[in-house]
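Here is how names work: the chains are called A, B, and so on, in the same order as the sequence lines, proteins then strands, and each is numbered from 1.
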Number of protein chains: 2
Amino acid sequence: MKNTRQKEIILDAVNHLDNHPTADEIYLFLKKDHPRLSLATVYRNLNQFALEGKIRKVSVPGDSDRFDAVLDVHEHFYCEKCGLIHDVSIPGLEAQLLNHPTMKITDYKLMLFGECESCRAH
Amino acid sequence: MKNTRQKEIILDAVNHLDNHPTADEIYLFLKKDHPRLSLATVYRNLNQFALEGKIRKVSVPGDSDRFDAVLDVHEHFYCEKCGLIHDVSIPGLEAQLLNHPTMKITDYKLMLFGECESCRAH
DNA sequence: TCCTTTATGATAATAATTATCATTACTAAT
DNA sequence: ATTAGTAATGATAATTATTATCATAAAGGA
Ligand SMILES: [Mn+2]
Ligand SMILES: [Mn+2]
Ligand SMILES: [Zn+2]
Ligand SMILES: [Zn+2]
């Protein structure tokens, strides 16, 4: 509700770190230039931004949540070789999931697993 | 590797409790008749069974993991009204996800959210 | 039965996230 | 510009689910 320097730099960080960073990674990145920043403030604002739809929260089963400034519909793929999370486009998937005949589905969380292109090449 | 009474009753419990129970729910259910059972043993064996493919582990973002004895391909739907997890069949979904043109996808975790039929009726 | 090995039970440790609360600093009104 | 009111922050404690540790117990083969 009130504008703060912290909100500004945290949102900027999510926009500039395009690797689906965790709250802690964002915190460590910002701490270099803003040593008084608190991890609690990072969590608080990331969750608030996600609620407001300014960013996406990406749940990784058995691991920390990650954050994504890209709002276009896309899925996430966790490469079990390199550990990176890659964006994946699956056209028609969202419509297929949300148009279920009996259940009123309003949202979904999906994580794909496997081996990414670059790891397969090696 | 060794057969124990604990393995037997824990696997039986997952088969008997068809509500996608958590490790703790299984533990509390079994403790009534087996007061010496340890929660660590429940976790250990549930994870082992899941690795062996005897049961499924169902990840619920932001909540405890759940366990499922039904091995047939099906998805899970979390009703935000009643909090229950319902089974959902989405024919063709698995093939669509695993046959991605570029990524070698071998597995996925999906959780659907919305309002279930019975809650919508009220 | 005896021996070796693996599993168990009890509890400590871990790790991510949220809660608490005194202090700080926005914002708007004076 | 000063003030007053309110919301946000920073520091840290608490929470919660799960895993790790390790002494003891029990499985199963010889
Ligand atoms: Mn993304
Ligand atoms: Mn199920
Ligand atoms: Zn990779
Ligand atoms: Zn419901």
Spacing between E25(A) atom CD and dA15(C) atom P, to the nearest angstrom:
15 Å

Between H16(B) and V14(B), is there a side-chain heavy-atom distance shorter than 4.5 Å?
no

Under 4.0 angstrom between Q6(A) side-chain N/O and dA25(C) OP1 or OP2
no

Could you check, using the six-membered ring where one of them is a Trp, whether H76(B) and H86(B) have ring centers closer than 6.0 angstrom?
no

Decide, yes or no, whether a salt bridge links R5(B) with E8(B) under the criterion of side-chain N to carboxylate O below 4.0 Å.
yes

Nearest listed nucleotide, side chain of A40(A), among dT12(D), dT11(C), dA7(C)
dT12(D)

Of the nucleotides dT17(C), dT12(D), dT8(C), which has the atom closest to the K7(B) side chain?
dT8(C)

Tell me whether the side-chain N/O atoms of S38(A) come closer than 4.0 Å to OP1 or OP2 in dA11(D).
no

Out of dA7(D), dT5(C), dG9(C), minimum distance to the side chain of K2(B) belongs to dT5(C)

OP1, OP2 of dA7(C) versus side-chain N and O of T41(B): anything below 4.0 Å?
no

5' priority, DNA chain D, between R66(B) and I10(A) [closest heavy atom]:
I10(A)

Using a 4.5 Å cut-off on heavy atoms from C-beta on, say whether the side chain of M103(A) contacts that of L112(B).
no

Quick check: on DNA chain D, is the nucleotide nearest R44(B) upstream (toward 5') of the one nearest R5(A), or the reverse? Name the residue that is more 5'.
R5(A)

Can you tell me how far C1' of dA16(C) sits from NZ of K57(A), to the nearest Å?
11 Å

If the cut-off is 4.0 Å, is N45(B) near the phosphate of dA7(C), judged by side-chain N/O to OP1 or OP2?
no

State whether Y43(B) places a side-chain N or O below 4.0 Å from either non-bridging phosphate oxygen (OP1 or OP2) of dT19(D).
no

When you measure from the side chain of N19(A) to the backbone of P21(A), do you find a donor-acceptor pair of N or O atoms at a distance under 3.5 Å?
no

Taking OP1 and OP2 of dA8(D), is either one under 4.0 Å from a side-chain nitrogen or oxygen of N3(A)?
no

Please classify the nucleic acid contact of D65(B) as base, sugar-phosphate, or nothing, using heavy-atom distances under 4.0 Å.
sugar-phosphate

Nearest-nucleotide pick for S64(A), side chain only, options being dT9(D), dT17(C), dT5(C)
dT17(C)

